[in-house]
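One structure below.
Please read these numbers as outputs of a predicted model, since none were measured by experiment. Convention: sequence-line order gives letters A, B, ...; per-chain numbering from 1.
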There are 2 protein chains.
Amino acid sequence: MIDHEVQFKKFLQKQGLKLTRNRARILEAAFSVHEHFDAEKLYDLIKADNVSLATVYRTLPLLLEAGLITRTVRIGGRDRFEHILGHPRHAHWLCENCHAVIETDLSALLPAINKEARALKFDIQNISINISGLCWKCKGGANDSQ
Amino acid sequence: MIDHEVQFKKFLQKQGLKLTRNRARILEAAFSVHEHFDAEKLYDLIKADNVSLATVYRTLPLLLEAGLITRTVRIGGRDRFEHILGHPRHAHWLCENCHAVIETDLSALLPAINKEARALKFDIQNISINISGLCWKCKGGANDSQ
DNA sequence: TTTCATTTGAGAATCATTTGCAACAAAGAC
DNA sequence: GTCTTTGTTGCAAATGATTCTCAAATGAAA
Ligand SMILES: [Mn+2]
Ligand SMILES: [Mn+2]
Ligand SMILES: [Zn+2]
Ligand SMILES: [Zn+2]
């Protein structure tokens, strides 16, 4: 059993829940994708195994609570996620025009954030830094690509 | 005409749009609320003036583009906003348990962010820093308030 | 006041996400 | 193994925020 499966199982057991075949399949799919994904994307990857879209939707909150995935930039009215293990935290720069997503390292900001958390006695589960605007390509004219 | 009305009118004219009574009313409502608000909240404030919810929804993107409001933490499936003028940028700390929202100054982070923007040649329109987790009240037990 | 483009209210349409429910599967006790 | 209990799932229907359609209203300019 791989790293993140162990972590998921541990989390589920703590809640009196079970690591079923479907949930393992969804977890595996989430870690097979190395970009941002939405519910539908995972569903496409595993629907051949008779996993329903409803189950994907029911499992995503579990993966979030377990700290295995994180919510990222919302595009086109759909919630998007990315897996965490082996993925250092990063900021997202979203171009409003072409919807390009650029990722940058977060290490320069973390010390200040953690300091603030200590002051607030806040228990951080997820840090989301999203900066929207225009990428260098779209900066000039008012294109309409994508 | 107040500061933000001037700015809105200028923005609208640049797009060949008009500063109508309804749009002015919505803008005014947005600046009368000193917390986060959603479309429905603004609607409640002005429906007595026969402004429709559809018009509120149509105006919010204009206020965003005009740089008068910004999108904040999404709660309960609803987009939420806050006005900008006279509101220094700040980070949002959202408690997953009681949905409390704490705001903290952003000035410690801005230099690093602006530096990165310069490197990326990215034109920043909006910075959104949302940290979720448990506030000090909810940290201990697994309450279920709110 | 005539003209023409923009705006608006009302209600229908969208569409991601959630839910109810009856059939199923996991896991522990025997 | 078999029984029992409790959590899980597929399916289809429900939900609900946001968007859209369209005909009537309004604004600005001439
Ligand atoms: Mn990412
Ligand atoms: Mn705020
Ligand atoms: Zn772009
Ligand atoms: Zn709390």
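- Atom CG of Leu60(A) and atom C1' of dT17(C) are 11 Å apart (whole Å).
- In this pair, His87(A) and His34(A) present their aromatic rings tilted. The plane angle is within the 30 to 60° band.
- The distance between atom NZ of Lys14(A) and atom C1' of dG7(D), rounded to the nearest whole Å, is 19 Å.
- Remark: Arg21(A) is in phosphate contact with dA26(C), judged by side-chain N or O atoms under 4.0 Å from OP1 or OP2.
- Note on Thr55(B): a side-chain N or O is less than 4.0 Å away from OP1 or OP2 of dG9(C).
- Atom CG of Leu62(B) and atom P of dT6(C) are 14 Å apart (whole Å).
- Considering only side-chain N and O atoms, Asn22(A) lies nowhere under 4.0 angstrom from the phosphate OP1 or OP2 of dA25(C).
- Position along DNA chain C of the nearest nucleotide to Arg78(A) versus Thr20(A) favours Arg78(A) as the more 5'-ward residue.
- At a cut-off of 3.5 angstrom, the base of dG20(C) holds at least one donor-acceptor pair with the side chain of Arg58(A).
- Residue-level contact check: Asp38(B) touches neither bases nor backbone, having no heavy atom under 4.0 Å from any strand.
- For Asp3(B), the CG atom is loosely surrounded, since the number of other residues' heavy atoms within 6.0 Å does not exceed 12.
- When rounded to the nearest whole Å, the span between CG of Leu42(A) and C1' of dA16(C) equals 15 Å.
- At least one side-chain nitrogen or oxygen of Tyr57(B) sits closer than 4.0 Å to the OP1 or OP2 atom of dT18(D).
- Ring pair His90(A)/His36(A) is parallel by interplanar angle, where below 30° counts as parallel and above 60° as perpendicular.
- Glu40(B) places its CD atom 15 Å from the C1' atom of dT19(D), with the value rounded to the nearest Å.
- Position along DNA chain D of the nearest nucleotide to Lys18(A) versus Pro61(B) favours Lys18(A) as the more 5'-ward residue.
- The shortest distance between side-chain heavy atoms of Leu94(A) and Asn130(A) does not fall below 4.5 Å.
- As a whole-Å value, the separation of Arg80(B) CZ from dT18(D) P is 11 Å.
- The OH atom of Tyr43(A) sits 11 Å away from the C1' atom of dC11(D) (whole-angstrom rounding).
- Shown are Arg74(B), Arg80(B), Arg78(B); of these, the salt bridge (charged side-chain N to carboxylate O under 4.0 Å, His left out) with Asp38(B) is made only by Arg78(B).
- Taking atom CD1 on Ile75(A) and atom C1' on dC15(C), their separation rounds to 17 Å, with Å as the unit.
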